[in-house]
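Encoded as structure tokens, the structure appears first; notes follow it.
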Amino acid sequence: MKYSFSVRVGPVGFRVGSAWPSPIAALKNLYAGYPAPRDGVADFTARLDPAGPLRRWFRPSIAIRGDYTLPDALPMALAHGLLAAEMAMNLQMAFGQRRYLLLHAGVVERDGRAIILTGESGSGKSTLAALLGEKGWRFMADEFALLDPQTGLIHAFPRAVSLKNAAIAVMEAEVDPGRFGPHLADTPKGDIRHLRPNDEAIARMAEPAKPVLVLFPRYGAPRFMAGMGPAELFMRLTQASTNYVAMGEVGFAALSHLVRHVPAASIDYPDTATALDLIESFWGEARP
Amino acid sequence: MTDMVRYRADPPEMNAVYDVESMTLLYHRPSGATHLLVSPASEIIGLLQYESRTLNEIVDQLAVQLDFEVDDEAGELVMARLTELERAGLIFRA
């Protein structure tokens, strides 16, 4: 690949190659301050290739490739190159990660204890994780929670936060504009803008945390909270995992341990202030 | 009730099992499949791990374990569970 960028996020090293310079320039800006992969060796390689023989120059469009590929994936416009790079890295993790059990979740930490925020797309977990990261919590993850089967700890994976639609303005009101990537309009997921986690999240990315609470937020409903039993939690977390099946019995044991030792609840909230209040109240009860 | 068929389950070392509240999480090692079981499914598997049994034998043992009367309805319910477990690959015909 003519243009490339290497970066380490938590315990995982990536190398992203591209046929065009602009996505790599955007990545370098977004991941300013992040370390390089250990020993210079990436765990995963992602590539942004031209979608056809002429597509490098004529109406350029990107095919996401790498160690793992989705052959039927639709190509993306070069204008959305940063999003394509982020999706390419997600793809490598989702298909190739075997050291950690992956949960599609945000994670925040305080005093060495972590809250896992998981749920369906649009639930607000990314926005909540990003907001909490600016309000006294350490931001650990937005896309993937990395559960270590050997220790039961959650390892930080502080990739850039993918903010969608209304969440963009919420975070623009909170943080330094220099931490944002470009505003990407009309992507397949709507309007997107990426946010670099703050300096603390980057500096402490090697510090795992003990999970003490799993929350299922749901945005847009009246304030409500309900506890969730371990059997339902187990079922929902297998659905939230991209590599549970591939991990085999190791994944089963890791998830079984989590649900037997970590309480869970669903929280409905009409606005972020209510969500933050609910989370702080749960935190007060969850701490030993 | 039919009593010609003998059922059997894999020995205990073929499963990884955790109990959570009123359910059992079971990882079936030969298939790599994960199952969530409620009573009497886990009890049925327990009865079949060391020896094969017929439907009537299973019903009789469960009636002692779970304290219910042996009648046609009980037999039908247990037969339905046996069918489900067989489809799931957790028991088989000996």
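Just so we're on the same page: letters track the sequence lines, and every chain starts at 1.
For the pair A:Ala231 and B:Leu36, the tightest heavy-atom approach, listed with the atom from each and the gap, is O-CD2, 3.7 Å.
When heavy atoms are compared at a cutoff of 4.5 Å, B:Leu25 approaches chain A by way of both its backbone and its side chain. Contact annotation for A:Val245: neither backbone nor side-chain heavy atoms come within less than 4.5 Å of a heavy atom of chain B. If you measure heavy-atom distances from B:Leu26 to chain A, the contacts under 4.5 Å come from the backbone alone.
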Give every donor-acceptor pair between chain A and chain B closer than 3.5 Å, one pair per line, or write none.
from, atom 1, to, atom 2, distance (Å)
A:Tyr244, OH, B:Thr34, OG1, 2.6
A:Glu249, N, B:Tyr27, OH, 3.2
A:Glu249, OE1, B:Arg29, NE, 2.7
A:Glu249, OE2, B:Arg29, NE, 3.1
A:Glu249, OE2, B:Arg29, NH2, 2.5

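In A:Glu207, the CD atom is crowded: over 12 heavy atoms of neighbouring residues, nucleotides or ligands sit closer than 6.0 Å. Counting heavy-atom neighbours within 6.0 Å of A:Arg8 CZ, excluding the residue itself, gives a total above 12. The environment of A:Lys164 atom NZ is dense: over 12 non-hydrogen atoms of other residues, nucleotides or ligands sit within 6.0 angstrom. Within a 6.0 Å sphere centred on CZ of A:Phe224, other residues, nucleotides and ligands contribute 12 heavy atoms or fewer.
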